[in-house]
Amino acid sequence: MTTVGVPEGWPATEEEARAVQDELRGRVVLDEPGPPPGTGTVTGVDVAYDDDLDLVAAAAVVLDAATREVVAETTAVGRISFPYVPGLLAFREIPTVRAALDALEREPGLVVCDGYGLAHPRRFGLASHLGVLTGLPTMGVAKNPFTFTHADPAPARGSWAALLAGTEEVGRALRTRDGVKPVYVSVGHRVGLDNAVAHTLALTPAYRLPETTRRADALCRRALKEAARARSPLAGRAAADPDRDWGRSVYEGRRDPVAWAGRVLAAAAGPGPRPPEIEAALELAADPLRWSRGREVFELVRRGSPLPEERAPRTRLLLFRLAELVAKVAHNTAGPAPFFDHHAGWAIGPLAHRLALLTDDGPTRDRIANAVGEWPPPA
DNA sequence: GCGACAG
DNA sequence: ATCTTGTCGC
Ligand SMILES: [Mg+2]
């Protein structure tokens, strides 16, 4: 298992990500038929997430194309590199998927992705993107329809209906099992559509989804559980927690939770130079007109925050956590659904308390206590 | 402007 | 994707 961070220069906004797609889309190769089904190897890639733990796990499983037996498999774990935005899935999945592919000791052959390739608003879905970045032949098999409408294919396995963008066929809804919901096949890089459909049928001897994605899906989920367990061995328990109860009462007693959270963060950050992420959270909290941008600030803070196992100063880690909570509370107050955990604000008081106990500076400690407004009863 | 929207 | 028990159907 390899570990990866967010790549240098990785897009941080939707605008940047769309620009990257427009830049790279010209490099897709669409005039190669690609490897014939049943020859060489086929590898499935897939990703599983735990957004709360900021964890992504990817798997690559190489199958013998003729026998469909597993001949190699790798996993990689990384941080969340981008939020899920329809049309920008690749920016969320690719860094960790690439790490898993790079860890392979043998050539992957044709790569089968869990999602779309050409059948994408800008003709540059996950499979296309991965193909351009790796040079490997790629195709996409999606479980759900996306942008393009299609007729319902006949009930027999092998039947299909075109995914049409105007008059252009960008993919096919393909029935892989009799009477079962179709999958959605589109080409990625260096593979033709007929060939992609043939591969999909060759990979679905028993179930709706290709064996490649079934195996990669199972493996990356296992890898995610393993990574989550390694990070917090005690996760999963829910015990009575007096600190949490106190945090709840402090938070819910506030007239203006967002401004309060901002003042607590300001006190905890102390005077002097502050990391830009903290600064952003402070500016967010200070201006009600910005609260609806809480989600973006949350993502900014999350990207900049040190990993729990990193040997960064404890206070710095907690400060970033506090900034995340400020952004969450702001979003929950003014932002559009979906909301963060409704109880996010409950953690602010206890977190500030812990931070205060860790600071050597007496005045800062007092300022934090002051900003919070009350202090937990001694245990 | 509103809703839909791969994983 | 993820949260989760039972339940409807072959
Ligand atoms: Mg997937």
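In what follows, chains are A, B, ... by sequence order, proteins preceding strands, each numbered from 1.
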Would you say [N] has OP1 or OP2 under 4.0 Å from some side-chain N or O of [X]?
X: A:Arg221; N: C:dA1; answer: yes
X: A:Asn144; N: B:dG7; answer: yes
X: A:Tyr84; N: B:dA6; answer: yes
X: A:Lys143; N: B:dG7; answer: yes

Let me know the distance between [atom1] of [X] and [atom2] of [N], rounded to the nearest Å.
X: A:Arg122; N: B:dA6; atom1: CZ; atom2: P; value: 14 Å
X: A:Tyr184; N: B:dG7; atom1: OH; atom2: P; value: 10 Å
X: A:Ile94; N: B:dG7; atom1: CD1; atom2: C1'; value: 13 Å
X: A:Ile80; N: C:dT2; atom1: CD1; atom2: C1'; value: 11 Å
X: A:Tyr49; N: B:dA6; atom1: OH; atom2: C1'; value: 10 Å
X: A:Leu130; N: B:dG7; atom1: CG; atom2: C1'; value: 14 Å
X: A:Leu55; N: C:dT2; atom1: CG; atom2: C1'; value: 14 Å
X: A:His120; N: B:dG7; atom1: NE2; atom2: P; value: 13 Å

With a sphere of 6.0 Å drawn around CD of A:Glu107, does it hold more than 12 non-hydrogen atoms of other residues, nucleotides or ligands?
no

Under 4.0 Å between any heavy atoms, over every strand shown, what does [X] touch: base, sugar-phosphate, or nothing? Just pick one.
X: A:Pro145; value: sugar-phosphate
X: A:Gly87; value: base
X: A:Leu88; value: base
X: A:Ala119; value: nothing
X: A:Asp46; value: sugar-phosphate

Can you tell me which nucleotide in [options] comes closest to the side chain of [X]?
X: A:Asp114; options: C:dA1, B:dA6, C:dC3; value: C:dA1
X: A:Lys225; options: C:dC3, B:dA6, B:dG7; value: C:dC3
X: A:Pro86; options: B:dG7, C:dT2, B:dC5; value: B:dC5

Just one of A:Val191, A:Thr134, A:Thr138 clears the side chain to side chain contact (heavy atoms under 4.5 Å, CB included) bar with A:Val111, so which one?
A:Thr138

Could A:Arg25 and A:Asp22 be called an ion pair, given the rule that one side-chain N must be under 4.0 Å from one carboxylate O?
yes

Which class fits the ring pair A:Phe91 and A:Phe82: parallel under 30°, tilted 30 to 60°, perpendicular over 60°?
tilted

How are the rings of A:Tyr116 and A:Phe146 set to each other: parallel, tilted or perpendicular (split at 30° and 60°)?
tilted

